[in-house]
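This report refers to the structure that appears directly beneath it.
Throughout, protein chains are lettered first and strands after them, A, B, ... in sequence-line order, and every chain is numbered starting at 1.
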Number of protein chains: 2
Amino acid sequence: MTTTPTADWLRLDQQICFSLNAASRAFGGVYRVVLKDLGLTYPQYLVMLVLWERGDLPVKKLGEHLRLDSGTLSPLLKRLEAAGLVRRERSARDERSVEVRLTGEGAALRERALEVPRRIAAATGFDVDEIRELRARLDQLTAALDAAALEEMPGQGVQ
Amino acid sequence: MTTTPTADWLRLDQQICFSLNAASRAFGGVYRVVLKDLGLTYPQYLVMLVLWERGDLPVKKLGEHLRLDSGTLSPLLKRLEAAGLVRRERSARDERSVEVRLTGEGAALRERALEVPRRIAAATGFDVDEIRELRARLDQLTAALDAAALEEMPGQGVQ
DNA sequence: CGTCATTTAGTTGTGCACAACTGAATTGTG
DNA sequence: CACAATTCAGTTGTGCACAACTAAATGACG
């Protein structure tokens with residue numbers, strides 16, 4: 001008998017979600033330390049990563065890359081603007097849209113950020129292949145959960 | 001040449017942290033749907049899990065199990081108390097301590113929560129062994145990150 | 001052309017995470 | 001016993017996530 005009794009599923013240490021949360025928060029702790037020099041929080045760092053990689057973007061596109069909506073991004077971008085790292089400019093072509101542009105200071109910060117991923121990777125104690133494998137697992141998990149979330153939506157079904 | 005250029009480390013899709021965050025938020029989305037019936041948020045559910053498993057506990061112990069401090073737990077527990085699921089009582093023996101006790105209603109809620117883990121597990125699309133393995137990986141990661149966070153603390157060193 | 005649905009940022013409100021602090025109770029030490 | 005250090009819960013302030021909403025601009029269609 002290798003099946004698990006229902007009640008045991010409730011046991012805290014059986015919950016992946018708990019492990020995932022713990023890992024996520026532990027990451028947050030390491031990032032907090034590493035990013036303090038750059039004056040960035042972790043979500044702000046993610047926004048900067050996207051801008052460094054893809055160049056200037058409207059808020060909408062930024063949100064798609066990061067899976068964040070304007071409710072999260074609007075105040076975050078204001079803080080980045082107050083820090084002098086980005087500017088926000090209404091698009092001339094479409095006045096609904098706001099372009100987020102790196103300032104010189106924001107672009108320059110990339111140099112100092114180059115060592116961040118290596119420090120983080122070192123902190124994990126994982127080698128590159130282990131990281132890659134874990135990442136693949138997590139992405140698979142995310143995809144499954146997103147699909148399931150749609151199905152669970154009452155009266156909505158799958159599109 | 002299989003080594004990765006430094007600049008590529010900055011690429012968003014190479015960041016485990018991003019995958020981890022995405023998975024964590026995707027989990028949050030599924031839990032939000034599944035727990036809505038119970039009237040619980042996901043962190044509130046975690047608190048209830050601990051209480052169901054371990055019985056009444058002081059806030060301190062609860063925080064140790066969940067890696068949360070009073071700044072997070074105090075308002076959360078107030079909301080659980082307002083919902084009638086727990087009571088908070090100053091310990092007679094040590095008046096600094098506050099015991100968190102399940103009410104009858106709080107204890108009864110466990111019955112309805114029994115199906116939650118199975119629904120979540122189903123949503124992941126992973127089988128029991130895959131879940132177990134992922135969990136082990138994540139716990140290993142968390143332990144490494146916690147250790148690294150201590151070392152990174154400037155001027156603090158390892159104890 | 002005018003109307004209406006859609007798109008896009010932004011705002012508001014709720015809840016969580018965490019740092020820094022307060023204040024009360026307890027413990028350790030002389 | 002007195003008093004300093006520690007422990008514990010709570011509060012405050014900042015920042016993020018997300019739902020629900022607003023307001024303005026755009027686009028589609030009759």
Side-chain angles (χ1 to χ4, degrees), chain A residues 17-18 20-33 35-36 39-47 57-64 66-83 86 88-100 146 149 153, chain B residues 17-18 20-33 35-36 39-47 57-64 66-83 86 88-100 146 149 153:
Chain A
C17 55
F18 181 80
L20 197 66
N21 237 318
S24 186
R25 300 219 312 279
F27 251 119
V30 175
Y31 269 107
R32 217 184 320 284
V33 175
L35 292 176
K36 196 161 56 181
L40 293 174
T41 67
Y42 172 53
Q44 289 166 7
Y45 170 69
L46 290 181
V47 167
L57 286 174
V59 174
K60 185 71 195 307
K61 291 286 177 193
L62 209 46
E64 284 170 7
L66 296 166
R67 300 165 146 272
L68 293 172
D69 66 6
S70 65
T72 301
L73 286 176
S74 289
L76 188 156
L77 291 170
K78 269 193 202 170
R79 285 185 285 269
L80 285 181
E81 188 170 42
V86 305
R88 291 178 306 147
E89 293 171 1
R90 285 274 160 198
S91 163
R93 245 194 267 97
D94 183 345
E95 298 229 332
R96 292 169 304 181
S97 183
V98 169
E99 287 282 328
V100 181
D146 284 346
M153 297 292 269
Chain B
C17 55
F18 181 81
L20 199 66
N21 236 323
S24 187
R25 299 220 312 278
F27 252 119
V30 175
Y31 269 107
R32 218 183 320 282
V33 175
L35 292 176
K36 197 161 56 181
L40 294 174
T41 66
Y42 173 52
Q44 288 167 8
Y45 171 70
L46 290 181
V47 167
L57 285 174
V59 174
K60 185 70 194 306
K61 291 286 177 193
L62 209 46
E64 284 170 9
L66 296 166
R67 301 165 145 272
L68 292 172
D69 67 7
S70 65
T72 301
L73 286 176
S74 288
L76 188 158
L77 291 170
K78 269 191 202 170
R79 285 186 284 270
L80 285 182
E81 187 169 42
V86 306
R88 292 177 305 146
E89 293 171 1
R90 286 273 160 198
S91 163
R93 246 193 266 100
D94 183 345
E95 297 231 331
R96 293 169 304 181
S97 182
V98 169
E99 287 281 327
V100 181
D146 284 346
M153 296 293 268

Filtered N/O pairs between nucleotides 8-14 of chain C and protein, under 3.5 Å:
from   : atom 1 : to      : atom 2 : distance (Å)
C:dT8  : OP2    : A:Lys60 : NZ     : 2.9
C:dA9  : OP1    : A:Val59 : N      : 3.1
C:dA9  : OP1    : A:Lys60 : N      : 2.9
C:dA9  : OP2    : A:Lys60 : N      : 2.9
C:dG10 : OP1    : A:Arg88 : NH1    : 3.0
C:dG10 : OP2    : A:Ser74 : OG     : 3.1
C:dG10 : N7     : A:Ser70 : OG     : 2.6
C:dT11 : OP2    : A:Lys78 : NZ     : 3.0

Between the protein and nucleotides 2-5 of chain C, list the N/O to N/O atom pairs that are separated by less than 3.5 angstrom.
none

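A straight line from CG of B:Leu80 to P of C:dG15 spans 11 Å, rounded to a whole angstrom. Between B:Arg25 atom CZ and D:dA19 atom P there is a gap of 11 Å when expressed in whole angstrom units. Here the P atom of nucleotide C:dA17 and the CZ atom of B:Arg67 are 13 Å apart, to the nearest Å. Look at CG on B:Leu62: it is 13 Å from C1' on D:dA9, rounded to the nearest Å. Between the CG atom of B:Leu76 and the P atom of C:dC18 there is a distance of 13 Å, rounded to whole Å. Between B:Leu35 atom CG and D:dC18 atom P the separation is 15 Å, expressed in whole Å. Distance, B:Lys36 NZ to D:dC18 P: 15 Å, rounded to whole Å. In this structure, B:Tyr42 atom OH and D:dC18 atom P are separated by 14 Å, rounded to whole Å.
The side chain to side chain donor-acceptor pair (under 3.5 Å) test applied to A:Arg90 returns no partner, not counting sequence neighbours. With sequence neighbours excluded, no residue satisfies side chain to side chain donor-acceptor pair (under 3.5 Å) with A:Glu95. Qualifying side chain to side chain donor-acceptor pair (under 3.5 Å) partners for A:Arg32, counting only residues two or more places apart in sequence or in other chains: none. Evaluation of the side chain to side chain contact (heavy atoms under 4.5 Å, CB included) rule for A:Asp69 yields A:Thr72 as partners, not counting sequence neighbours. Listed by chain and number, the residues in a side chain to side chain contact (heavy atoms under 4.5 Å, CB included) with B:Arg96 are B:Asp94 (sequence neighbours excluded). B:Lys61 pairs by the side chain to side chain contact (heavy atoms under 4.5 Å, CB included) definition with B:Leu57, B:Pro58, B:Glu64, not counting sequence neighbours.
Residue B:Arg32 places none of its side-chain N or O atoms closer than 4.0 Å to OP1 or OP2 of D:dA17.
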Per-pair distances, 0.1 Å, donor-acceptor, side chain in residues 40-47 of chain B, under 3.5 Å, sequence neighbours excluded:
from    : atom 1 : to      : atom 2 : distance (Å)
B:Thr41 : OG1    : B:Gln44 : N      : 3.3
B:Tyr42 : OH     : A:Cys17 : O      : 3.3
B:Tyr42 : OH     : A:Asn21 : ND2    : 3.3
B:Gln44 : OE1    : B:Thr41 : N      : 3.1

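Nearest nucleotide to the side chain of A:Glu95, out of C:dT26, D:dA25, D:dC18: D:dA25.
With rounding to the nearest 0.5 angstrom, the NZ atom of B:Lys60 is 11.5 Å from the CG atom of B:Leu73.
B:Val98 has its side chain out of reach of B:Leu77: every pair of non-hydrogen atoms, C-beta onward, lies at least 4.5 Å apart.
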